[in-house]
Amino acid sequence: MSKQFDVLVVGGGPAGYVAAIRAAQLGFSVACCESNAYADPKGEPRLGGTCLNVGCIPSKALLHTSHLFEEAGHSFAEQGICVGAPNIDVSRMIGRKNGIVKQLTSGIKALFKKNKVTLLAGHAAFVERKAGASSEVWQMRVGETLVEARQVILATGSKARHLPGVPVDNEIVCDNVGALDIDAVPKRLAVIGAGVIGLEMGSVWRRLGSDVTLLEALPEFLSLADLDVAKEAAKVFARQGLKIVTGVTIGEVRVSPTGVSLDYTDKDGNPQKLDADRLIVSIGRVPNTDGLGGEKVGLQINARGQIEVDAHCRTNLPGVWAIGDVVAGPMLAHKAMEEGVMVAELIAGQAGHCNFETIPWVIYTSPEIAWVGRTEQQLKADGIAYKAGKIPFAANGRALGMGDPTGFVKVLACATTDRILGVHIIGANASELISEGVVGMEFGAAAEDLARICHAHPTLSEVVHEAALACDKRPLHF
């Protein structure tokens, strides 16, 4: 006997649990299945996926703790706070991080109960496609349970890409999971990959006392970011002691019980060697479609392992959708959530919407880095005439009062229409400030609109205001 639902969501990460909740709010009978990839001590599945269990949330907890540690050791004295040299209790830091994860995963289960979403434990795989009375029905096996649904939303997420020939034990060689549970501050830490995860995890352990070196294959640092932002970030990180080497080719990696030794070739073709106590491999992520059984029903998956979808996340199969990291686009939790809401509303016959042009990017280093829209190099490459307003945080009273005047805000606007094309921030609280740019772009605002809005004083948001004014060459405080 099978269990029947209107909507079956496969995966309980940000994409899946949000899609399930929204579909239930719209009146559908909904089930969400989750494997035991992140099982709790009782063996029950933890919701939240990579983001909540071993990604966004735990990494931000560690970043916050390490930031406070560095503040206590380097910034308190100049503000007249005398506390002496701080010590870090790594096990307590990790315990705090785990407590936050437990609280939030339990919170999603409570949201499921509140919205009457049925949680099914187990790995899901397609069984067959059946003809129903009014539409097709998809039959899937979830663990030992047979489930039927007219609509299936695939939200199976992604997993860390590993370096060929270098086994990850999450002791000496770590991926993003092991990087969150290192049990002592390594004296020397090597990180392969200077993207978001590499920079954030490198920053955590550098602040706590590690000698950190990041090896990046790409010739340019932070190539996705605006060039001005990338250059500023490189200078700041270098001052902090974070070593970043670009244009490298990784050679042999030798692992021993006490450390790791890496051979690599630098951008000039010279052989180099790096010895470290721990290695974090952060070379991207791959879509997770293992064991889904898509081949049984003809689900289209491309050469990169992504499920093929249209602009509204429809697959080639009627009534089957795919969202989040398992489809093309940036692997960002908030992008996944937006897709989940869109698909649930489209299933309900509503005008579900997700504007991929206004998805913000954030790197939670110190200073934080955030952007939305196009970069200057993209506008130049596309031949789009633009104007730019750029204001440093050093001209802002709140930033000076916080003792954190690093970085700037840059607003890019169309030279003819003044419509905002991009906002780029490096500085304190960039992750929060970028939302003003997102709202502005979503509503088609001009730089003049931002310039005419009253911003509270003194706040960091005034730098956004001044940058918008600077697009017209009329800043008031710089």
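Atom set for the values below is all heavy atoms of this structure, side chains included, hydrogens, waters and symmetry mates excluded.
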Subject >> side-chain contact (heavy atoms from CB on, under 4.5 Å) partners of Met441, counting only residues at least two apart >> reply: Thr358, Val372, Ile420

Subject >> Any donor-acceptor N or O pair under 3.5 Å, side chains Asp6, Ser29 >> reply: yes

Original post:
Do Thr50 and Tyr38 have side-chain N/O donor and acceptor atoms under 3.5 Å apart?
Top reply: yes

**OP:** Please collect all salt bridge (charged side-chain N to carboxylate O under 4.0 Å, His left out) contacts where either partner lies in residues 98-113, sequence neighbours excluded, each pair once.
**Re:** Glu44-Lys109

Subject >> Residues in side-chain contact (heavy atoms from CB on, under 4.5 Å) contact with Glu368, at least two apart in sequence or another chain >> reply: Tyr364, Ala430, Ser431

Please table the atom pairs, donor to acceptor, closer than 3.5 Å between any side-chain atom in residues 328-343 and protein atoms at least two apart or in another chain.
from, atom 1, to, atom 2, distance (Å)
His334, NE2, Pro360, O, 2.6
Lys335, NZ, Gly324, O, 3.3
Lys335, NZ, Ala328, O, 3.1
Lys335, NZ, Glu339, OE1, 3.3
Lys335, NZ, Glu339, OE2, 3.1
Glu339, OE1, Gly324, N, 2.7

Subject >> Note: Arg374-Asp382 ion pair, threshold 4.0 Å (strictly below) >> reply: yes

Subject >> Main-chain N/O of Pro367 paired to Thr365 side chain as donor or acceptor, under 3.5 Å >> reply: yes

Subject >> Check ion pair Glu148-Lys130 (N to O, under 4.0 angstrom) >> reply: yes

Output side-chain donor-acceptor pairs under 3.5 Å for residues 177-190, partner residues at least two apart or in another chain, one line each.
from, atom 1, to, atom 2, distance (Å)
Asp181, OD1, Lys97, NZ, 2.6
Asp183, OD1, Arg278, NH2, 3.0
Arg188, NH2, Asp277, OD1, 3.4

Subject >> Partner set under side-chain contact (heavy atoms from CB on, under 4.5 Å) for Ala348, not counting sequence neighbours >> reply: Leu26, Phe28, Gln350

Subject >> Set of residues satisfying side-chain hydrogen bond (donor to acceptor under 3.5 Å, both in side chains) with respect to Asn302, sequence neighbours excluded >> reply: Gln306

Original post:
Excluding sequence neighbours, so at least two apart, what forms side-chain hydrogen bond (donor to acceptor under 3.5 Å, both in side chains) with Arg129?
Top reply: Glu136

Original post:
Are the charged groups of Lys410 and Asp228 less than 4.0 angstrom apart, N to O?
Top reply: yes

Subject >> Pairs where residues 114-126 contributes a residue and the test side-chain hydrogen bond (donor to acceptor under 3.5 Å, both in side chains) is met, not counting sequence neighbours >> reply: none

Original post:
Who are the side-chain contact (heavy atoms from CB on, under 4.5 Å) partners of Leu163, not counting sequence neighbours?
Top reply: Val166, Ile192, Ile250, Val253, Val281, Ile283

Subject >> Pairing residues for Asn53 by the side-chain hydrogen bond (donor to acceptor under 3.5 Å, both in side chains) criterion, not counting sequence neighbours >> reply: none

Original post:
Who passes side-chain hydrogen bond (donor to acceptor under 3.5 Å, both in side chains) against Gln25, sequence neighbours left out?
Top reply: Arg22

